[in-house]
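Single-structure report; data block below.
Just so you know, these numbers use all the heavy atoms, side chains as well, and skip hydrogens, waters and symmetry mates.
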Amino acid sequence: MSLSIGIVGLPNVGKSTLFTALTKRAGLAANYPFATIEPNVGIVDVPDARLGELAAIVSPDRIVPATVEFVDIAGLVKGANAGEGLGNQFLANIRETDAICEVVRYFSDPDVVHVDGRVDPAADADTIMTELILADIATLEKQLPKLEKEARRDKELAPKLAVAQRLLAWLNDGGRAAAMDMTDDERAAARELFLLTMKPVIYVANVDEDKVGETPAPIDGQTPIPICAEVEAELAELGDEEAKDFLESLGLERSGLETLAQTAYRTLGLQSYFTAGPMEVKAWTVPVGAKAPQAAGVIHSDFERGFIKAEVASYEDYVELGGEAGCRAQGKLRMEGKDYVVQDGDVMHFRFNV
């Protein structure tokens with residue numbers, strides 16, 4: 001599965017510095033608005049200690065973690081929905097992502113210009129959400145006349161029209177689309193409208209170095225992930241042992257970027273199952289609730305089309321019993337059919353015939 005997270009925020013909040021640290025590659029970081037015009041794209045591993053444990057058992061040629069794509073998008077300013085700054089381009093780039101990672105400035109460096117001349121995290125987040133809501137209102141106002149016309153010809157479009165009308169009223173009252181109370185069918189119809197505020201949002205508080213161990217004040221009912229982008233940039237340049245020592249000196253168990261990658265994965269309703277053998281140990285990404293044939297299809301469409309059975313062991317059993325042979329001997333290697341719901345951490349081998 002290809003997963004894309006757009007890193008957004010006002011200009012000069014540390015987005016590009018964070019992106020560079022995330023991807024260990026040079027996204028342009030500069031102290032002036034709109035330094036990032038074309039979005040930078042980088043693929044980030046999702047840290048998972050279970051891969052190392054599985055590799056210790058099967059000694060594979062390589063280890064392949066799950067990944068998330070991060071996109072560094074141009075800074076937003078007030079009026080973006082009407083094209084201010086790089087507004088139209090910014091909004092188009094967000095529309096192509098699966099979720100939004102919003103970087104909010106908490107750090108106090110007076111040498112870094114704030115586009116509004118003050119540091120106010122709640123106001124900054126409100127500016128961005130307002131712009132996204134206004135953009136969604138414009139989207140619906142453009143779509144509704146066409147949808148009304150089509151719904152008169154095709155009665156099956158009536159539910160989509162109804163939810164679009166409800167959403168327009170909701171957005172005009174200042175709510176974001178994802179927060180509106182909807183049935184599962186209504187939510188599915190709403191996703192077809194491609195609204196920006198239907199996307200999950202992860203907030204990142206870019207804090208001063210001495211604040212990384214503190215819990216930031218909530219934004220929109222969500223506690224931001226505290227990250228010091230400058231610290232993360234330093235960590236990106238260190239070897240594993242040096243990075244571990246540096247984190248310990250800050251009183252941290254893991255980097256903010258590890259937390260961010262894992263949070264992004266969970267926010268999108270995803271989980272990992274594993275394949276383990278002498279060639280590779282690999283984490284495969286599937287939605288929570290996926291059934292065995294769907295999981296097989298992530299490897300290859302033929303696996304799903306010709307699915308017969310899946311041999312499954314839980315991660316815990318696989319590690320405790322020393323691998324597939326131990327699980328088989330203890331009756332912990334199960335044969336599962338098409339209705340089996342994959343669990344996070346399952347170690348799986350598929351039988352198929354095409």
Does a side-chain heavy-atom distance below 4.5 Å link [X] with [Y]?
X: Asp120; Y: Arg105; answer: no
X: Ile5; Y: Glu69; answer: no
X: Thr285; Y: Tyr273; answer: no
X: Val204; Y: Val104; answer: no
X: Asp136; Y: Glu141; answer: no
X: Asp61; Y: Glu280; answer: no
X: Ile227; Y: Leu260; answer: yes
X: Leu167; Y: Leu140; answer: yes

Less than 3.5 Å apart, any donor N or O on the side chain of [X] or [Y] sitting next to an acceptor on the other?
X: Ser314; Y: Asp317; value: yes
X: Trp284; Y: Ser272; value: no
X: Gln262; Y: Arg254; value: yes
X: Asp208; Y: Ser108; value: yes

Problem set entry | Steps toward side-chain contact (heavy atoms from CB on, under 4.5 Å) verdict (Glu311, Met348) | CA-CA 6 Å; Glu311 291 183 328; Met348 305 185 76; over 6 Å; no

Inter-residue atom distance [X].[atom1] - [Y].[atom2], 0.5 Å rounding:
X: Leu132; Y: Ile137; atom1: CG; atom2: CD1; result: 11.5 Å
X: Lys160; Y: Leu193; atom1: NZ; atom2: CG; result: 5.5 Å
X: Ile133; Y: Asp126; atom1: CD1; atom2: CG; result: 8.0 Å
X: Glu209; Y: Lys211; atom1: CD; atom2: NZ; result: 12.5 Å

Problem set entry | Leu51: hydrophobic cluster co-members (side-chain, 4.5 Å) |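 Leu51 clusters with Leu54, Ile57, Val58, Ile63, Phe274, Val281, Tyr315, Tyr318, Val319, Val347.
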
Exercise. Charged N to carboxylate O below 4.0 Å: is that the case for Arg305 and Asp302?
Worked result: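 Result for this pair is yes, salt bridge flagged.
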
For this session: Report the C-alpha separation of Arg95 and Thr139 in whole Å, then their side-chain angles, then the decisive distance to 0.1 Å, and conclude whether the side-chain contact (heavy atoms from CB on, under 4.5 Å) test is met.
Result: CA-CA 11 Å; Arg95 210 175 295 280; Thr139 296; 3.9 Å; yes

Exercise. Would a line drawn from the ring center of Phe307 to the ring center of Phe352 be shorter than 6.0 Å?
Worked result: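 They do not qualify: ring centres at least 6.0 Å apart.
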
Around atom [atom1] of [X], are there more than 12 heavy atoms from other residues, nucleotides or ligands closer than 6.0 Å?
X: Glu248; atom1: CD; answer: yes
X: Met335; atom1: CE; answer: yes
X: Asp184; atom1: CG; answer: no

Under 3.5 Å, sequence neighbours excluded: what are the donor-acceptor pairs made by side chains of residues 171-182?
residue: Asn172; atom: ND2; partner: Leu168; partner atom: O; Å: 3.0
residue: Arg176; atom: NE; partner: Asp220; partner atom: OD2; Å: 3.3

For this session: Please test Phe350 against Ile299 for side-chain contact (heavy atoms from CB on, under 4.5 Å), starting from the C-alpha separation and ending with a verdict.
Result: CA-CA 10 Å; Phe350 298 103; Ile299 298 177; 3.7 Å; yes

Problem set entry | Option passing side-chain contact (heavy atoms from CB on, under 4.5 Å) with Val13 (candidates Val103, Ile7, Leu18) |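 The passing option is Val103.
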
For this session: Compare every heavy atom of Ile219 with every heavy atom of Ala125, then report the nearest pair and how far apart it is.
Result: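 That would be CB-CG2, 3.6 Å.
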
For this session: Carefully, step by step, assess Val41 and Phe70 under the rule side-chain contact (heavy atoms from CB on, under 4.5 Å).
Result: CA-CA 6 Å; Val41 179; Phe70 281 91; over 6 Å; no

Exercise. For residues 326-336, which residue pairs qualify under side chain to side chain donor-acceptor pair (under 3.5 Å), counting only residues two or more places apart or in two chains?
Worked result: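 The answer is Glu324-Arg328, Arg334-Glu336, Arg334-Tyr340.
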
